[in-house]
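Single-structure report; data block below.
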2 protein chains.
Amino acid sequence: MDKALLSGSTAMLLLKLLEEQDMYGYQMIETLARRSDHTFDLKAGTLYPLLHTLEERGDIEAYLEGEGSTRPRRYYRLTAAGRGKLREKEQEWRQYVGAVEQVLRGGECLA
Amino acid sequence: MDKALLSGSTAMLLLKLLEEQDMYGYQMIETLARRSDHTFDLKAGTLYPLLHTLEERGDIEAYLEGEGSTRPRRYYRLTAAGRGKLREKEQEWRQYVGAVEQVLRGGECLA
DNA sequence: CCTATATATGTAGATTATCTATATAGTACA
DNA sequence: TGTACTATATAGATAATCTACATATATAGG
């Protein structure tokens, strides 16, 4: 699988996961891998910096769960702004896929 | 339009165009723009280096047309190897799109 | 005639998103 | 005891795009 194809849509996928339920980083990696039949095996070194960027932009918010315990997890929740971003990105995605399909469909519609 | 989404699929689109007919660089930019309703407005600075790379890899071959005239055009043709690459990339593309759709479809199929 | 725009190809440098590798540390199992 | 899995994080490398610049011909309008 060419990793370059993933470029640009990772943030959309993460926001989508968080729209369904709050999650921590490692859980997102697992969920994406499972749901995509391992087409997306996001690396930790890709995910965590991306989460930090999304948090800085105000698209997601972090909170610690199980703070007293030995291993607190850093959960993320989608903000209202993040929900808007998700809608935008979904629309862009549809447009992009449609455009590629139109090229692949080929000469029939050369106009 | 987020340019990052384009990443990785540009080569596939160019190979596809050349499968239909031989083309020169500028013509590919125009054809992609027209056929995608300007979702893909590939820049010259993106296209030409990419064409050179594809040529080095043996996926496409160049030849000059109108060599005597004032402005000869550099046409490209798809090689047998390039045709194979195109089939591979199309398959990867289908898999990638399917995986994204499965994530966007959401919690219904969390398994 | 001159100038701006379109055609046509090309290179250099910046940006961005991914990757790999490394670091740290608790938990589970053999 | 040690190996693998869970969990988060940073640093540096790689790859693909972009913008900006460079060059040159053709065409259309003032």
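Convention: sequence-line order gives letters A, B, ...; per-chain numbering from 1.
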Tabulate below the donor-acceptor pairs under 3.5 Å that side-chain atoms of residues 4-11 of chain A make, not counting sequence neighbours, or state none.
from: Ser9(A); atom 1: OG; to: Leu6(A); atom 2: O; distance (Å): 2.9
from: Ser9(A); atom 1: OG; to: Tyr96(B); atom 2: OH; distance (Å): 2.3

Asp37(A) meets the side chain to side chain donor-acceptor pair (under 3.5 Å) criterion, sequence neighbours left out, with none
Between Glu56(A) (CD) and dA9(D) (P), how many Å, whole number?
-> 12 Å
Using whole Å, report how far CE of Met12(A) lies from C1' of dT16(C).
-> 18 Å
Does OP1 or OP2 of dT11(C) have a side-chain N or O of His52(B) closer than 4.0 Å?
-> yes
Under the salt bridge (charged side-chain N to carboxylate O under 4.0 Å, His left out) rule, what pairs show up with a residue in residues 6-17 of chain B, not counting sequence neighbours?
-> Lys16(B)-Glu19(B)
N/O contacts under 3.5 Å, protein versus nucleotides 26-29 of chain C?
from: dG26(C); atom 1: N3; to: Arg71(A); atom 2: NH2; distance (Å): 2.8
from: dT27(C); atom 1: OP1; to: Thr70(A); atom 2: OG1; distance (Å): 2.5

Find the distance Tyr48(B):OH to dA24(D):C1' and express it as a whole number of Å.
-> 13 Å
Pairs involving residues 45-60 of chain A, ordered by first then second residue, that meet side chain to side chain donor-acceptor pair (under 3.5 Å) (sequence neighbours left out) | Asp59(A)-Lys85(A)
Under the salt bridge (charged side-chain N to carboxylate O under 4.0 Å, His left out) rule, what pairs show up with a residue in residues 39-51 of chain B, not counting sequence neighbours?
-> none
For Gln27(A), what residues pass the side chain to side chain contact (heavy atoms under 4.5 Å, CB included) criterion, not counting sequence neighbours?
-> Gln21(A), Met23(A), Tyr24(A), Thr31(A), Tyr75(A)
Check the distance between dT15(C)'s P and Leu5(B)'s CG and give it to me in whole angstrom.
-> 21 Å
By salt bridge (Lys or Arg N to Asp or Glu O under 4.0 Å), Arg74(B) pairs with (sequence neighbours left out) none
Roughly how many Å is it from OH in Tyr63(A) to P in dT8(D), rounded to a whole number?
-> 12 Å
Quick one: Leu51(A) CG to dT18(C) P, roughly how many Å, whole number?
-> 11 Å
Heavy-atom side-chain contact between Phe40(B) and Val100(A) under 4.5 Å | yes
Would you say the side-chain atoms of Arg35(A) pair up with the backbone N or O of Val103(B), donor to acceptor, closer than 3.5 Å?
-> yes
Send over the distance from Ile29(A) CD1 to dC19(C) C1', rounded to a whole Å.
-> 13 Å
Taking only nitrogen or oxygen atoms into account, show me every contact under 3.5 Å that the protein makes with nucleotides 17-23 of chain D, one pair per line with its distance.
from: dT17(D); atom 1: OP1; to: Thr10(B); atom 2: OG1; distance (Å): 2.4
from: dC18(D); atom 1: OP2; to: Thr46(B); atom 2: OG1; distance (Å): 2.2

Would you kindly give the OH-to-C1' distance between Tyr24(B) and dA24(D), to the nearest whole Å?
-> 16 Å
